[in-house]
Amino acid sequence: MDFDLKAIERKWQKEWQDSCLFEPFVEKKKEAFYIQVAYPYPSGAMHIGHARTYTVTDIVAKYNMLKGKNVLMPMGWHVSGTPVIASVEALEKNDPKTVKKFTEIFHIPAKDLEELKTPEFYVDYMVNKAEYGYKAGFKRLGFGIDWRRELKTIDPQYKKFIEWQYKKLYEKGFIRKGKYPVRYCPHDDSPVGDHDLLEGEGVGFQEFTLLKFKMDNGQFVVAATLRPETVFGQTNLWLAPKVEYAIIKVGDEEWIGSNEFFEKLKEQKKGIEKIGTIKGSELVGKMVLAPGIERKIPILPSFFCDTGTGTGIVTSVPSDAPIDYVALLDLQKDKDLIKKFGLSEKMILGIKVIPIIKTKEFGDKAAVEIVKRLGIKNQFDSKLEGAKKEVYKTGFHKGVMNENCGKFAGMPVNKAKELVKKELIEQGKADVFFELEGKVVCRCGTECVVRVLEDQWFVSYSDPKWKEQSKKTLEGMSIVPELFRTQYNNVFDWLEDKPCTRSKGLGTEFPWQKGKIIEPLGDSTIYMAYFTVSHLIKRIEAQKLSEEVFDFIFLGKGNIEKISKENGIEKELLEEMRSEFNYWYPLAFNVSAIELIPNHMSFSIFQHTAIFPPEKRQLGTINLGMLVLEGKKMSSSKGNVVLINDLCEQIGADFVRFFLMNSVEPWEEMDWKPKEIEKGVSKLKSFIGEIAQLAVESKDSEKLEPEKLQGEEAWLYHRFNSRVNAFIDHMERIELRSAAQQISFLLAKDLQWFNIRKKRDNKPLYLYITKNFVKCLAPFMPHISEEIWRNLLGNKRSVFLEKLPEKKEIDCKIELAEEFIKRAFLDLKEIKKIIGKEKLQKAVFYTASEWKWNVLKKIKKLERPDFKEAIKTAMTDLSVKEKGKAAIPVIKFLNDRLIEFKEIEKINELKVLESAKEFFEKEFNCSVFFFNEEKAEFDPQKKASKALPFKPAIYVE
RNA sequence: GCACGGGUACCCAAGCGGUCAAAGGGGCAGGGUUUAGGACCCUGUGGCUUAGUGCCUUCCCAGGUUCGAAUCCUGGCCCGUGCACCA
């Protein structure tokens with residue numbers, strides 16, 4: 001049977017809309033099920049990657065409808081931030097690449113591009129008019145979205161809500177102001193993300209500690225280090241004698257460092273000034289007070305100091321920095337150099353390595369050890385870089401501070417590092433400095449720097465109490481799949497304060513700083529709550545939505561009469577909104593992609609925890625995997641995409657939905673392979689056609705009486721029920737792939753077997769199967785299911801108003817009997833193949849005699865296979881004992897397969913086989929006979945004695 | 001570097017202590033049906049054997065636990081994803 005897929009889709013989509021099937025209202029008697037999926041950024045065309053995320057959500061939603069729940073699935077459009085603006089600007093400039101993308105990939109008619117030149121029009125067009133856009137896609141795929149609640153993140157009411165959200169966070173003390181280092185483009189005067197770069201993607205920055213060495217004249221020579229804990233091993237400073245260093249006024253102090261350092265420091269410290277210069281050579285030989293150890297150490301010349309890194313001055317720790325050690329050796333050997341700078345040879349030769357860190361790998365002078373091992377010759381040796389990394393890694397992870405480190409003695413290095421740094425900074429002996437790890441160039445061509453932003457606002461995710469409470473929320477949530485729970489926990493630990501304002505983009509203005517908008521990740525964390533009232537709140541002008549109004553709706557705070565009067569909002573409306581929120585919340589599932597666990601998903605849990613009472617926090621998350629196309633990442637700009645509109649055109653919405661679920665579970669990475677899908681579609685189509693045919697033929701039949709079923713019919717009934725049982729189990733765990741397989745390809749196999757076994761068409765049985773099948777299929781393939789349900793089976797109401805079948809108990813003996821026939825059938829087939837006969841004359845089956853079953857019964861009591869024990873136990877049965885030696889092979893066979901046979905109950909094999917006589921005769925086109933081993937009237941080759949439980953002996957001719 | 005996940009036959013992928021030479025696809029080979037092409041159905045797909053069997057070598061590598069390991073433990077190698085102002 002064939003379907004006109006497109007016609008069916010149109011028909012039922014219209015019907016669902018007309019009957020408001022997916023527009024739920026508060027029904028106190030029904031359990032609420034609210035599922036929410038991260039709303040999309042409506043920029044561009046919808047492809048199968050997006051479709052997968054939303055299809056999973058829709059299937060879970062529809063499944064819960066079929067469980068009898070009141071289901072809410074809303075949808076909105078996230079348009080905050082810069083992408084819309086960037087696209088509009090690019091179109092404005094008629095950027096050829098962008099124009100091409102919009103016309104060729106997004107299929108937007110060239111004349112329409114004119115409409116897209118303001119953000120408002122752009123958003124409206126993308127949402128409502130774009131044929132390849134998301135909304136069009138959602139509708140085409142038959143999603144059960146309640147469109148009354150549709151929203152955009154720039155709606156005035158929504159903005160009011162976001163404002164309220166931040167005020168709540170502020171009240172709890174989770175909004176704070178501080179300093180923050182960012183990668184910054186001095187030309188554009190704005191922070192830069194990876195996508196804004198010409199060069200240097202993924203390059204981060206490191207936090208250096210600036211150590212301040214006081215000279216006799218009060219100035220500070222400043223050295224930058226990544227290893228503040230090694231101050232205890234300092235022996236001297238290194239600098240480049242030929243370089244001219246800057247004297248920098250920092251507050252009341254004067255610092256000495258390279259000119260490059262000054263340029264970078266300007267971005268990180270306010271009000272600093274270069275007030276002079278001094279040549280490196282002038283500093284050589286001077287004594288300075290080393291921080292941390294409060295000892296005077298000399299400034300010495302070296303060849304390795306790079307003015308572009310740090311301050312161009314390096315503190316020397318020869319025990320743990322290979323290059324320091326080598327430079328020291330070089331200097332000690334170079335009498336000329338010592339003389340040239342007028343240094344005391346005695347002093348230079350007197351410098352000794354001070355051990356400070358101990359590891360198993362390198363002892364207590366790691367640098368000395370590794371220089372020896374690698375045979376490093378001088379400070380120009382290329383092996384130094386590797387040596388440094390090696391020593392650093394080992395020291396940091398495994399090292400322990402030794403007795404030369406004062407109160408830090410005995411402490412692991414990775415701990416001491418932070419503490420030493422903190423202490424030096426507190427004592428005013430050190431400062432921090434950020435340095436990019438590599439070259440970073442902005443799109444505008446300017447080289448980027450690290451800037452420390454003053455007055456930056458943060459959300460304090462680092463707050464230990466907040467973390468703890470959020471973890472508690474997490475504990476009570478179901479995470480699908482469970483295996484991501486540890487990741488959530490780790491993310492919670494790792495989260496630090498997050499800057500929450502930006503200067504560019506669409507969004508809500510930050511309440512405490514004019515001209516700044518709330519960072520776009522921050523306006524999409526508790527909006528699920530807003531959806532519960534978004535259809536009602538549209539009726540209210542935004543300026544009426546004061547803090548008290550939202551307090552009442554979402555927290556139940558305040559006096560309704562007063563709020564109604566003061567804000568000019570009808571009391572009934574307020575009450576209705578409060579009750580919507582109360583009914584739908586907490587959210588059952590928040591659905592999003594795995595890569596959003598470290599931000600969106602975690603922020604959402606944190607903010608729910610901060611703002612809502614415990615019973616209104618989230619109940620669960622579903623975390624979805626990526627989708628790739630033929631093993632490659634999809635990319636609109638490269639044209640490597642499959643668009644939903646095209647695909648629905650090709651194979652139909654239901655098949656798109658099904659095959660997005662069919663190959664892996666939702667959280668796994670999925671590879672979309674068009675060729676394999678094509679094959680699958682045609683198989684599935686014919687299977688569904690078959691079922692539809694059965695539906696038509698059996699729709700008027702009487703009710704099934706299961707207890708009267710026999711043989712293969714009883715088997716099919718039970719087999720179908722066990723498929724449904726498994727289907728339900730999988731659905732509960734959101735294992736949509738396994739669930740889908742149970743009711744499609746696996747069920748198809750069952751039917752295939754039944755078709756060669758059946759003696760007649762049992763209409764009531766077919767009706768039972770088709771009806772229940774359609775209900776299970778409906779979440780996956782709603783249109784076809786509705787068509788079969790209403791049109792072919794003649795039901796009046798939508799299939800989504802029906803209830804799924806209950807789980808049923810399975811009679812294992814019925815399954816066993818059929819399994820027995822199947823094995824006998826396969827055995828006979830095998831024999832026929834091996835002896836190579838075209839056609840058999842006669843086939844004879846001999847079933848095992850009673851005593852062999854007795855062996856099984858006895859040894860089943862054994863916990864595990866054990867031949868000796870098996871013999872002993874089996875021989876306690878008289879019927880076995882009297883067989884003597886002949887029993888041994890039987891015992892061995894059953895013992896070897898004990899695990900398998902433990903599940904096997906005794907059935908009347910002879911009767912079962914006889915019931916399938918016609919089947920065997922038909923399949924092999926020969927006469928077939930059955931005997932019990934003991935009453936084998938015909939046994940020319942003495943095969944009968946080889947019969948075993950569940951494995952009849954066979955004779956053929 | 002840190003965090004999380006993963007390595008299974010030609011490819012994708014199930015299995016997660018015995019019923020495992022290892023489900024299901026795809027590919028490939030042979031056969032059937034049809035035939036312009038396709039579509040469809042069956043059989044085979046580690047090796048050697050065989051009246052439905054038995055044996056050998058396999059589930060990244062190396063050790064270990066166990067009567068028994070693809071499955072559990074330890075160590076190593078390799079791969080994927082995320083790492084914050086980007087939605």
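Predicted, not measured: the structure shown is a model, and the values here were computed from it. We name chains A, B, ... by the order of the sequence lines, and we start the count at 1 in each one. Excluded from the calculations below are hydrogen atoms, water molecules and symmetry mates; all remaining heavy atoms, backbone and side chain alike, are included.
For A:F845 and A:F929, the ring centers sit 6.0 Å or farther from each other. A ring-centre distance under 6.0 Å is not found for A:F687 and A:F745. Separation of the A:F924 and A:F825 ring centroids falls under the 6.0 Å cut-off.
Residue A:V192 is in sugar-phosphate contact alone, with no base atom involved, counting any heavy-atom pair closer than 4.0 Å across all strands shown. Counting any heavy atom pair closer than 4.0 Å across all strands shown, A:E595 reaches sugar-phosphate atoms only and no base atom. At a threshold of 4.0 angstrom between heavy atoms, the contacts of A:T501 with the nucleic acid are absent. Note on A:S738: nothing from the nucleic acid sits closer than 4.0 angstrom, heavy atoms only. Within the nucleic acid shown, A:P499 comes within 4.0 Å of at least one base atom, counting heavy atoms only. A:K633 comes within 4.0 angstrom of nothing in the nucleic acid, heavy atoms only. Here A:E869 lies out of heavy-atom contact (under 4.0 Å) with every strand. Nucleic acid contact for A:N490: sugar-phosphate only, since backbone atoms but no base atoms lie under 4.0 Å from a heavy atom of the residue.
Look at the P atom in both B:C41 and B:C77: the space between them is 48 Å, to the nearest Å. One C1' atom belongs to B:C4, the other to B:G54, and the distance between them is 46 Å to the nearest Å. The C1' atoms of B:U71 and B:A14 are separated by 13 Å, rounded to the nearest whole Å. If you take atom P in B:A39 and the same atom in B:C78, they sit 43 Å apart, rounded to whole Å.
The residues A:K471 and A:D493 are annotated as salt-bridged, a charged nitrogen and a carboxylate oxygen being separated by less than 4.0 angstrom. Look at A:E669 and A:R52 and you find no salt bridge, because none of the NZ, NE, NH1 or NH2 atoms lies under 4.0 Å from a carboxylate O.
No cation-pi contact links A:K101 to A:F106, judged by a cut-off of 6.0 Å to the six-membered ring centre and 45° from its axis.
Side-chain contact of A:E933 with A:S945: a donor-acceptor pair under 3.5 Å is absent, judged by distance alone. Of the N and O atoms on the side chains of A:N590 and A:T621, not one donor lies less than 3.5 Å from an acceptor on the other residue.
Taking every heavy atom of both residues into account, A:K842 and A:C926 meet most closely at N-CB, 4.0 Å.
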I'd like a list of close polar pairs between nucleotides 51-60 of chain B and the protein, N/O only, cut-off under 3.5 Å.
unit_1: B:A51; atom_1: N6; unit_2: A:Q941; atom_2: OE1; d: 3.4
unit_1: B:A51; atom_1: N6; unit_2: A:V956; atom_2: O; d: 3.4
unit_1: B:A51; atom_1: N1; unit_2: A:V956; atom_2: N; d: 3.2
unit_1: B:G52; atom_1: O2'; unit_2: A:D827; atom_2: OD1; d: 2.9
unit_1: B:G52; atom_1: N1; unit_2: A:P952; atom_2: O; d: 3.1
unit_1: B:G52; atom_1: N2; unit_2: A:D827; atom_2: OD2; d: 2.9
unit_1: B:G52; atom_1: N2; unit_2: A:P952; atom_2: O; d: 2.5
unit_1: B:G52; atom_1: N3; unit_2: A:D827; atom_2: OD2; d: 3.3
unit_1: B:U53; atom_1: OP1; unit_2: A:K951; atom_2: NZ; d: 3.4
unit_1: B:G54; atom_1: OP1; unit_2: A:R897; atom_2: NH2; d: 3.1

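Using a 4.0 Å cutoff on non-hydrogen atoms, the parts of residues 673-683 of chain A near RNA chain B are A:K673, A:E676, A:K679, A:S682, A:K683, ordered by number.
Considering only side-chain N and O atoms, A:R737 lies nowhere under 4.0 angstrom from the phosphate OP1 or OP2 of B:G24. Listed pair A:R183 / B:A84 fails the phosphate criterion, with no side-chain N or O lying under 4.0 Å from OP1 or OP2.
In the set B:C42, B:U19, B:G18, B:G18 carries the atom at the smallest distance from any side-chain atom of A:P865.
Under the stacking definition used here (centres under 5.5 Å, planes under 30°), the residue A:Y392 fails to qualify as stacked on the base of B:G1.
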